[in-house]
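Here the structure comes first, spelled out in structure tokens, and everything after it is commentary.
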Protein chains: 2
Amino acid sequence: MNDAVDIDLARLRRSCAQCSLQQLCLPAGIDADELVRLDEIVRRRRTLARGERLFRIGDPLASVFVARDGAFKTVSISEDGEEQVIGFHLAGELIGLDALGEGAHRCEAVALETANVCDVPLDELSAVAAQLPSLQQQLLRVIGHSLNRDHDHMEMLVRRQANERIALFLHGLGERYRQIGQSPSALRLPMSREDVARFLGLALETVSRGFTRLQEDGVIAVHGRRVEILDLDLLERLAHGAESGDPKRQRSAS
Amino acid sequence: MNDAVDIDLARLRRSCAQCSLQQLCLPAGIDADELVRLDEIVRRRRTLARGERLFRIGDPLASVFVARDGAFKTVSISEDGEEQVIGFHLAGELIGLDALGEGAHRCEAVALETANVCDVPLDELSAVAAQLPSLQQQLLRVIGHSLNRDHDHMEMLVRRQANERIALFLHGLGERYRQIGQSPSALRLPMSREDVARFLGLALETVSRGFTRLQEDGVIAVHGRRVEILDLDLLERLAHGAESGDPKRQRSAS
DNA sequence: CGTTCCATTGAATTGCGTCAATATGTGTGG
DNA sequence: CCACACATATTGACGCAATTCAATGGAACG
């Protein structure tokens, strides 16, 4: 008898208005009735299992995606068949912008764990954005954040020592978890050491050794993919080039 | 007496409709009367001398810029004061997107030689784009190209040998020059070896040695900042991981 | 309880960074 | 036009950080 009610409830629960990511995702800064219009085009939502692909290299650009939960990696394949990890995508982050330039994807997006995504048809999004300046602005802002993450990534890769990159990686990941309301210090890494290595431009053994070293210095505690940040201050200093030769750092903030 | 005519001519010559970059820049795919509207907001054009900055870190985002000629680098400054070269920008390429995320620039844009730029106020651009779907689409495409260049850059930095990166860099630069109608093989590098090094994540001595090596192998001819690509095929193969131990490569395309 | 995948640890090699000297080029003023 | 100084580029020698190869350890799965 209350089928209709059930459907409405289910529908509502999955709407942008109810989404925990509202303030991070496209709806940010949009008022209630505008939200309805955005919500109408964000109908399709998909669940992906670990290892499933959201899109593949060469797929034409149809939609951009927003991770609701779970995590993705985007990888490009070099001519010798090696995977390069271009980026990791957590909840609230846009996926699929790599096809904006040519209209076809240059990367594949792989779910690192069970994940939900919103599928946002790009042409409809553009149409609505054209009528809602605040949405257009927010779209550019979200694209900008994606650009910023790429730049952070490049800065990691350019002339930083292995241990610095690893510290920077863990610290940045913690920050991103904080933003989506999860613990910034008790991390469960959704990606393998190999993924981390291919992201940081290191050999996987080097990543492993880096984790061990950080643990020995009391900065983090590692249990497989569970990483706890014990000394955020020190982690930050290591990320910014301080050499760790001694568990007790003398140069405190004066 | 013909002052008015002179001004109109000068004005016209600098308009988007007359610009040699038309098909690469924002106007691509826009029809004539739409072009007029775009042209109206792209009034300010600036000339910068070598070393001048288009914007600095922290500057609020007001405009995006398009290089008309000349070249720029965008650099970020790490906490220890070192410059990181985030990207190089040739004619037709958008500069200033780094501020989209936070509304303030994270990089500085430095002219590598005397350069002209179009200054496009972003709020006016958004307003016009909202009314011209083709312009909005083109804006996204140009942003996408910028993203693609960043990804190419990252792929250079991740687990590639020094010589590979250098070959890839030269090859990519040639391609970009080709796109703007210049010779793809007779290059005059607008940037110093140090800039190249900070872009590729190498020591400047390593870059120098790489150039020398490529010259010894007959791939390029180097005269200071003049670089001529002699064997494009081989350069490409070196860029994709082929080891150069011998000037004569035996493994040809079967 | 075994099999498979993933992570850690060790030992040997090497590519690249660092330091240092020299060479080449570029712009300035005499 | 040359001489000078200064910036930029090349080349050499050496050491070390990170890769590679290889083996072991541990967790997750059926």
Side-chain angles (χ1 to χ4, degrees), chain A residues 49-51 73 80 82-83 85 112-114 156-167 169-170 187-217 220-227 238 241 243-245, chain B residues 49-51 73 80 82-85 110 112-114 156-167 169-170 187-217 220-227 238 241 243-245:
Chain A
R50 181 164 183 276
K73 64 174 175 182
D80 58 349
E82 295 284 290
E83 270 194 8
V85 177
L112 292 168
E113 55 195 343
T114 306
M156 261 186 209
L157 295 174
V158 178
R159 307 245 307 135
R160 295 198 116 94
Q161 309 246 94
N163 291 335
E164 257 174 279
R165 297 187 203 185
I166 293 164
F169 171 70
L170 289 174
L187 313 175
R188 185 193 285 286
L189 308 187
M191 72 292 282
S192 70
R193 295 287 187 274
E194 180 158 23
D195 287 333
V196 176
R198 291 185 190 286
F199 180 75
L200 294 180
L202 299 171
L204 77 86
E205 295 95 327
T206 307
V207 173
S208 192
R209 279 186 253 268
F211 277 42
T212 303
R213 179 65 190 281
L214 286 173
Q215 180 164 243
E216 284 168 359
D217 291 353
I220 61 176
V222 183
H223 305 286
R225 294 195 178 182
R226 263 218 122 73
V227 174
L238 293 174
E243 211 30 73
S244 90
Chain B
R50 181 165 182 277
K73 64 175 176 182
D80 58 350
E82 294 285 289
E83 268 194 10
Q84 307 237 4
V85 177
V110 185
L112 292 168
E113 54 195 343
T114 306
M156 263 187 208
L157 296 174
V158 177
R159 305 243 312 133
R160 293 199 119 95
Q161 308 246 97
N163 291 335
E164 258 174 278
R165 296 187 203 185
I166 292 164
F169 171 71
L170 289 173
L187 312 175
R188 186 193 287 285
L189 308 187
M191 72 292 283
S192 69
R193 297 286 187 276
E194 180 159 22
D195 286 333
V196 176
R198 290 185 191 285
F199 179 74
L200 294 180
L202 299 170
L204 77 88
E205 294 94 328
T206 306
V207 174
S208 192
R209 278 186 255 267
F211 276 43
T212 303
R213 180 65 190 282
L214 286 172
Q215 180 164 242
E216 284 167 358
D217 291 354
I220 61 175
V222 183
H223 304 286
R225 294 196 178 182
R226 261 215 126 74
V227 174
L238 293 173
E243 209 34 70
S244 89

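Residue numbers begin at 1 in each chain, while the letters A, B, ... track the order of the sequences. Note: hydrogens, waters and symmetry copies are ignored here, and every other heavy atom, side chains too, is used.
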Whole-Å gap separating C1' (dA9(D)) and CD1 (I166(B)): 14 Å
Could you tell me which residues satisfy side chain to side chain contact (heavy atoms under 4.5 Å, CB included) with R159(A), sequence neighbours excluded, listed by chain and number? A203(B)
Any protein N or O atoms within reach of nucleotides 27-30 of chain D? Criterion: under 3.5 Å, listing atom names and distances.
none

Mind checking side chain to side chain contact (heavy atoms under 4.5 Å, CB included) for R50(A) and listing every partner two or more places apart, or none if nothing turns up? R225(A)
F169(B) meets the ring-ring contact (aromatic ring centres under 6.0 Å, His included) criterion, sequence neighbours left out, with F199(B)
Tell me every residue that passes salt bridge (charged side-chain N to carboxylate O under 4.0 Å, His left out) with R193(A), counting only those two or more places apart in sequence or in another chain. none
Heavy-atom closest contact (I220(A) atom, F211(A) atom, distance): CD1-O, 3.9 Å
Between P on dA18(D) and CZ on R160(A), what's the gap in Å once rounded to a whole number? 13 Å
Taken to the nearest whole Å, CG/L157(B) to P/dA18(D) is 16 Å
Ignoring hydrogens and angles, are the base of dG12(D) and the side chain of R209(B) linked by a donor-acceptor pair under 3.5 Å? yes
Using a cut-off of 4.0 Å on non-hydrogen atoms, how would the nucleic acid contact of T212(B) be classed: base, sugar-phosphate, or nothing? sugar-phosphate
CZ on R160(B) to CD1 on I166(B), rounded to 0.5 Å: 13.0 Å
How long is the straight-line distance from CZ of R213(A) back to OG1 of T206(A), given to the nearest 0.5 Å? 13.5 Å
Bending between helix ends of the helix from dC1(C)-dG30(D) to dG30(C)-dC1(D) [5 pairs per end, 10° resolution]: 50°
I want to check something: taking the side chain as every heavy atom from C-beta on, are V222(B) and T212(B) in contact at a cut-off of under 4.5 Å? no
Can you give me the closest heavy-atom contact between R165(A) and L202(A), atom names plus distance? NH1-CD2, 3.9 Å
Give the intermediate values and the outcome of side-chain contact (heavy atoms from CB on, under 4.5 Å) for residues L214(A) and L238(A). CA-CA 9 Å; L214(A) 286 173; L238(A) 293 174; 3.6 Å; yes
Whole angstroms only, please: what is the CE-P distance between M191(B) and dA9(D)? 11 Å
Check nucleotides 22-24 of chain C against the protein and report each pair of N or O atoms closer than 3.5 Å, with its distance, or say if there are none.
none

Of all the nucleotides listed (dC16(C), dA17(D), dT8(C)), which has the minimum atom distance to the side chain of Q161(B)? dC16(C)
Atom pair distance, as rounded to whole Å: CD1 in I220(B) and C1' in dA9(D): 14 Å
Once side chain to side chain contact (heavy atoms under 4.5 Å, CB included) is applied, do any residues pair with L112(B), and if so which ones, sequence neighbours excluded? A71(B), K73(B), F88(B), P190(B), M191(B), D195(B)
Check every atom of dA18(D), dC16(C), dT10(D) against the side chain of A162(B) and return the nucleotide holding the closest atom. dC16(C)
Base, sugar-phosphate, or nothing for R159(A), non-hydrogen atoms under 4.0 angstrom? sugar-phosphate
Please report, rounded to the nearest Å, how far the C1' atom of dC16(D) is from the CG atom of N163(A). 14 Å
Ordered by number, residues from residues 195-207 of chain B within less than 4.0 Å of DNA chain D (heavy atoms) are L204(B), E205(B)
Tell me: CZ of R188(B) to P of dG25(C), nearest whole Å? 13 Å
How long is the span from the CG atom in N163(B) to the CZ atom in R209(B), to the nearest 0.5 Å? 11.0 Å
Could you check how far CZ of F211(B) sits from C1' of dG25(C), rounded to whole Å? 16 Å
Taking only side-chain nitrogens and oxygens of R213(B), does any of them come within less than 4.0 Å of OP1 or OP2 of dG15(C)? no
The salt bridge (charged side-chain N to carboxylate O under 4.0 Å, His left out) partners of E82(A) (sequence neighbours excluded) come to R198(A)
How does protein contact run along nucleotides 1-6 of chain C, one letter per nucleotide 5' to 3', with B for base contact, S for sugar-phosphate only, - for none, heavy atoms under 4.0 Å? ------
E205(A) meets the salt bridge (charged side-chain N to carboxylate O under 4.0 Å, His left out) criterion, sequence neighbours left out, with none
